[in-house]
Amino acid sequence: MKNALEPNSLGNNSPLRPKKIAAPFLSSDKFQIKELELSLNTKCNLRCSNCGFKVPDQPEPFSNDMGIDQHIDSLIILKKMGIRIGKVVLVGGEITLHKDLNSDIKKIKEVMIADQLEVVTNGLYPQGIDSITLDLIDSLVISDYVRTEDFDSIWKQYVQSLHSEFNISFRRKDFWDDWNTPVSMSADTTQTAWNTCFYRNYDITLERGRLFSCSRIAKNRKDNEGLNINDIKNISDVETYLNSTTPKPSCSTCSPVAGLPEVIVAQQDDGKEVTLSRAAIRHMEQSIQGVRP
């Protein structure tokens, strides 16, 4: 590929990544939850063959059409319990396709439960990011599946044109975990995977009024394995749930932590990312030059 860029990050469960004991709930003066992931929509412009969010069948992140208000109500309850969050990570689907992105970010920001707000996008619909978005958030991460110098450079110029002091980062995984191959792990293997689970540390998820140990449980609609926000009586309930030594029932079938061979990142059957990347580059070039698309 012309101007191709090398990966800059290991796969989440790469054999080269040192295993660490999971510590999802922290006793810290700054925060108790390092990162909390929130999906705002389910629509995506890609169809990755190994999508961890189950697109195009990703379940809605809200119950009964409650929308963003359910996330806000949940965050307010957690805040009242004394929970502080280091970073709220906002994702989709593809989050830039969410028509209410800026207003929803503003509502989340106003809860004042997190030190930082981060948006993660595949970068293929830059129209969804504007100067207001960048004013509201602390970091923008491009999950870069294009991996060319041209794409990297134009995104940096585009962000600079919208917000002169804002820096973006690019995440280029070398491989993805296998999310699709059925597995059934033994109790001992499941326990070991639970004790060192990458996702428990970095993928605590809030969906449908529940806190989940990871997004896989949420995206597989295992709501009975989540912690119902309305059932929380005090902060120790959150700590007990997140720091439980007992794996969740569905953990024995968790293929990403089962030691399977890693898979190609964001593999498409139709090459759609090429068409989308060209359109994205064209839009950003016109925007920088002040040309109305």
Side-chain angles (χ1 to χ4, degrees), residues 8-10 12 24-26 28 30-46 52-53 58 61 68 71-72 74-75 78-79 83-145 151-152 155-156 158-160 162-173 176 198-207 211-216 218-219 242 265-266:
N8 61 8
S9 178
L10 295 172
N12 293 343
F25 187 94
L26 304 171
S28 167
K30 293 183 178 180
F31 51 79
Q32 290 76 43
I33 297 175
K34 187 185 309 179
E35 293 187 14
L36 180 67
E37 184 174 281
L38 274 68
S39 284
L40 298 185
N41 68 323
T42 61
K43 183 179 181 181
C44 190
N45 46 12
L46 293 178
F53 278 14
Q58 179 178 342
I68 189 63
H71 277 351
I72 300 304
S74 297
L75 291 173
L78 291 174
K79 183 181 179 182
I83 298 290
R84 287 292 304 170
I85 300 167
K87 182 190 296 182
V88 167
V89 180
L90 304 175
V91 296
E94 169 47 47
I95 195 168
T96 58
L97 301 178
H98 181 47
K99 62 183 179 62
D100 297 320
L101 179 58
N102 288 343
S103 62
D104 284 358
I105 294 176
K106 188 174 186 292
K107 291 176 182 178
I108 293 168
K109 190 179 185 73
E110 287 173 348
V111 178
M112 298 178 66
I113 191 175
D115 294 344
Q116 297 181 44
L117 292 180
E118 179 173 279
V119 163
V120 179
T121 170
N122 61 30
L124 296 173
Y125 191 71
Q127 296 92 319
I129 300 291
D130 58 25
S131 60
I132 297 174
T133 315
L134 299 181
D135 281 336
L136 289 168
I137 64 177
D138 299 284
S139 53
L140 177 67
V141 175
I142 309 293
S143 289
D144 184 6
Y145 309 139
F151 192 69
D152 179 291
W155 253 109
K156 290 175 179 175
Y158 181 62
V159 168
Q160 181 76 12
L162 296 174
H163 195 297
S164 61
E165 298 180 356
F166 198 94
N167 292 316
I168 65 172
S169 60
F170 295 81
R171 185 178 296 149
R172 304 183 185 98
K173 297 282 187 181
W176 271 359
F198 176 93
Y199 297 102
R200 288 180 65 206
N201 275 332
Y202 297 103
D203 202 25
I204 298 170
T205 298
L206 178 66
E207 289 195 3
L211 203 61
F212 294 93
S213 294
C214 74
S215 66
R216 179 183 179 272
K219 298 303 186 285
L242 292 177
V265 172

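Only heavy atoms go into these numbers, but all of them, side chains included; no hydrogens, no water, no symmetry mates. Numbers here simply count residues along the sequence, with the first being 1.
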Beyond-backbone contact of Leu211 with Leu242, side-chain heavy atoms, under 4.5 angstrom: yes
Could you measure the distance from the CE atom of Met112 to the NZ atom of Lys79? Nearest 0.5 Å is fine. 5.5 Å
Indicate yes or no for a side-chain donor-acceptor contact from Asp144 to the backbone of Asn122 under 3.5 Å, with no hydrogens or angles considered. no
Using the side-chain contact (heavy atoms from CB on, under 4.5 Å) rule, take Phe166 and Asp138 through it: C-alpha gap first, then chi angles, then the decisive distance, then the call. CA-CA 8 Å; Phe166 198 94; Asp138 299 284; 6.0 Å; no
Quick one: are Val120 and Ile95 in side-chain contact, heavy atoms under 4.5 Å? no
Keeping the roles fixed (side chain from Ser39, backbone from Asn41), state whether a donor-acceptor pair exists under 3.5 Å. no
Nearest-0.5 Å distance, CD1 of residue Ile204 to SG of residue Cys214: 10.0 Å
Could you please spell out the steps behind the side-chain hydrogen bond (donor to acceptor under 3.5 Å, both in side chains) verdict for Asn12 and Tyr199? CA-CA 8 Å; Asn12 293 343; Tyr199 297 102; 3.3 Å; yes
When rounded to the nearest 0.5 angstrom, what is the spacing between NE2 in His71 and CG in Leu206? 5.5 Å
Less than 4.5 Å apart, side chain to side chain, heavy atoms only: is that true for Thr205 and Leu36? no
Gln58/Lys219 under side-chain contact (heavy atoms from CB on, under 4.5 Å): CA gap, chis, key distance, verdict: CA-CA 6 Å; Gln58 179 178 342; Lys219 298 303 186 285; 3.5 Å; yes
If you take all heavy atoms of Leu162 and Ile129, which pair is closest and at what distance? CD1-O, 3.8 Å
Give a yes-or-no answer on whether the side chains of Asn102 and Thr133 include a donor-acceptor pair shorter than 3.5 Å. yes
Between CG on residue Leu140 and CD1 on residue Ile142, distance to nearest 0.5 Å: 4.5 Å
NZ on Lys109 to CD1 on Ile113, rounded to 0.5 Å: 14.0 Å
Do Asp104 and His98 come close enough that some side-chain heavy atom pair is under 4.5 Å? yes
Could you check whether any side-chain heavy atom of Val88 comes within less than 4.5 Å of a side-chain heavy atom of Ile85, counting everything from C-beta outward? yes
Applying side-chain contact (heavy atoms from CB on, under 4.5 Å) to Glu37 and Phe212, what does each step give before you reach the verdict? CA-CA 10 Å; Glu37 184 174 281; Phe212 294 93; over 6 Å; no
To the nearest 0.5 Å, how far apart are CZ in Phe151 and OH in Tyr145? 11.0 Å
For residues Lys156 and Ile168, report the shortest heavy-atom separation together with the two atoms involved. N-CD1, 4.2 Å
What heavy-atom pair brings Asp203 and Ser215 nearest, and what distance separates the two atoms? OD2-OG, 2.6 Å
If we ignore hydrogens and angles and just use 3.5 Å, is the side chain of Trp155 paired with the main-chain N or O of Gly123 as donor and acceptor? yes
Salt bridge check: are Asp100 and Lys106 linked by an N-O gap of less than 4.0 Å? no
Test your reading of the model: is there a side-chain donor-acceptor pair from Lys173 to the backbone of Leu10, 3.5 Å cut-off? yes
Heavy-atom donor-acceptor pair, Gln116 side chain to Val89 backbone, under 3.5 Å: no
Quick check: do Leu101 and Ile105 have side-chain heavy atoms less than 4.5 Å from each other? yes
Got Phe53 and Thr42 here, is their nearest side-chain heavy-atom distance under 4.5 Å? no
Do Arg84 and Asp115 meet the salt-bridge criterion of a basic N to acidic O distance under 4.0 Å? yes
Does Arg172 form a side-chain contact (heavy atoms from CB on, under 4.5 Å) with Asp152? I'd like the steps, not just the answer. CA-CA 11 Å; Arg172 304 183 185 98; Asp152 179 291; 2.6 Å; yes
I'd like to check Ile33 versus Leu26 (side-chain heavy atoms, cut-off strictly below 4.5 Å). Are they in contact? no
Mind checking whether Phe198 and Tyr202 have parallel, tilted or perpendicular rings, split at 30° and 60°? tilted
Set out, in order, the CA-CA distance, both residues' side-chain angles and the distance that settles side-chain hydrogen bond (donor to acceptor under 3.5 Å, both in side chains) for Glu94 and Thr121, then state yes or no. CA-CA 6 Å; Glu94 169 47 47; Thr121 170; 2.7 Å; yes
